[in-house]
Asks: 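Take this structure first; my questions come after.
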Amino acid sequence: MEFPRLLTLLLIVLEWTRPAVPSPLRPICDLRVLNHFIKEARDTEVAMKLCREGCSLSESVTVPQTRVDFDVWEKKNSSEKAQEVQSGLWLLQQAFGLLQSSVTNTELHSQIENSIRNLHSINAVLRSLNIQEYTPPASAPGLEGTWTVSSTMDLLQVHVNFLRGKVRLLLLDAQACQQDVS
Ligand SMILES: *[C@@H]1O[C@H](CO)[C@@H](O)[C@H](O)[C@H]1NC(C)=O
């Protein structure tokens with residue numbers, strides 16, 4: 001992997017997470033950016049495995065389904081896919097916000113902060129692909145296709161699986177990237 005190039009891409013992404021975003025954005029279709037976030041999500045799992053105290057989630061949280069049924073997924077149109085991924089990312093942001101306020105272990109805490117930043121960066125990547133801005137629902141439990149987890153480890157596993165599954169598929173599907181390939 002050419003690391004300097006990856007870092008440049010990440011910096012561009014982070015630049016885009018600032019409120020006043022100049023448009024139009026150049027689409028980010030490079031999956032190495034997502035792979036980097038997946039790797040960091042795994043690092044957070046490792047920090048959790050080493051965590052002995054101050055590592056627990058104070059209450060259960062709503063999370064997205066991570067299992068991908070390809071027949072169902074393929075039948076969805078692009079705005080339905082985008083909605084599903086965006087609502088999942090939104091749920092994970094809420095859940096990680098709660099996790100951040102529950103965890104006192106220093107190492108795990110900084111990993112969680114990093115994960116939250118990465119979730120914001122993924123939203124910026126989606127915006128770069130002209131995916132419509134997501135409006136969060138009034139209440140999380142009302143969302144379809146969700147379940148709850150009550151342990152930190154379960155939440156971190158959902159995080160990794162969601163990035164590796166639906167987020168990845170959405171990026172592979174994105175029309176802006178299809179054009180880039182051809
Ligand atoms: C996608 O499917 C949904 C639900 O069937 C429909 O309401 C929506 O208009 C469709 N969007 C596009 C862009 O085809």
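Remember, it's 1-based here, ligands and their atoms both numbered in the order they're listed. Note that these values count all heavy atoms, side chains included, but never hydrogens, waters or copies made by symmetry.
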Asks: Please report whether atom 7 (O) of ligand 1 has a protein non-hydrogen atom at a separation of less than 4.0 Å.
Replies: no
Asks: Return the closest protein heavy atom for atom 5 (O) of ligand 1 as residue, atom name and distance.
Replies: E80 OE2, 3.7 Å
Asks: Select one of side chain, backbone, both or neither to describe which atoms of K76 lie under 4.0 Å from any atom of ligand 1, heavy atoms only.
Replies: neither
Asks: For atom 2 (O) of ligand 1, find the nearest protein heavy atom and state the residue, atom name and distance (0.1 Å precision).
Replies: N77 ND2, 2.4 Å
Asks: Does some side-chain heavy atom of L156 sit less than 4.5 Å from a side-chain heavy atom of L99?
Replies: yes
Asks: Look up atom 11 (N) of ligand 1 and tell me if a protein heavy atom lies less than 4.0 Å from it?
Replies: yes
Asks: Verify the distance criterion only: is there a donor paired with an acceptor across the side chains of S102 and S58 at less than 3.5 Å?
Replies: yes
Asks: Tell me, which protein residue and heavy-atom name are nearest atom 13 (C) of ligand 1, and how many Å apart are they?
Replies: S79 OG, 4.0 Å
Asks: Any donor and acceptor pair, going by atom type alone, linking the side chain of T152 with main-chain N or O of L57 inside 3.5 Å?
Replies: yes
Asks: Are D43 and K39 within salt-bridge range, i.e. N to O under 4.0 Å?
Replies: yes
Asks: For the backbone of Q132 and the side chain of Q86, can you confirm whether one donor and one acceptor N or O come within less than 3.5 Å of each other?
Replies: yes
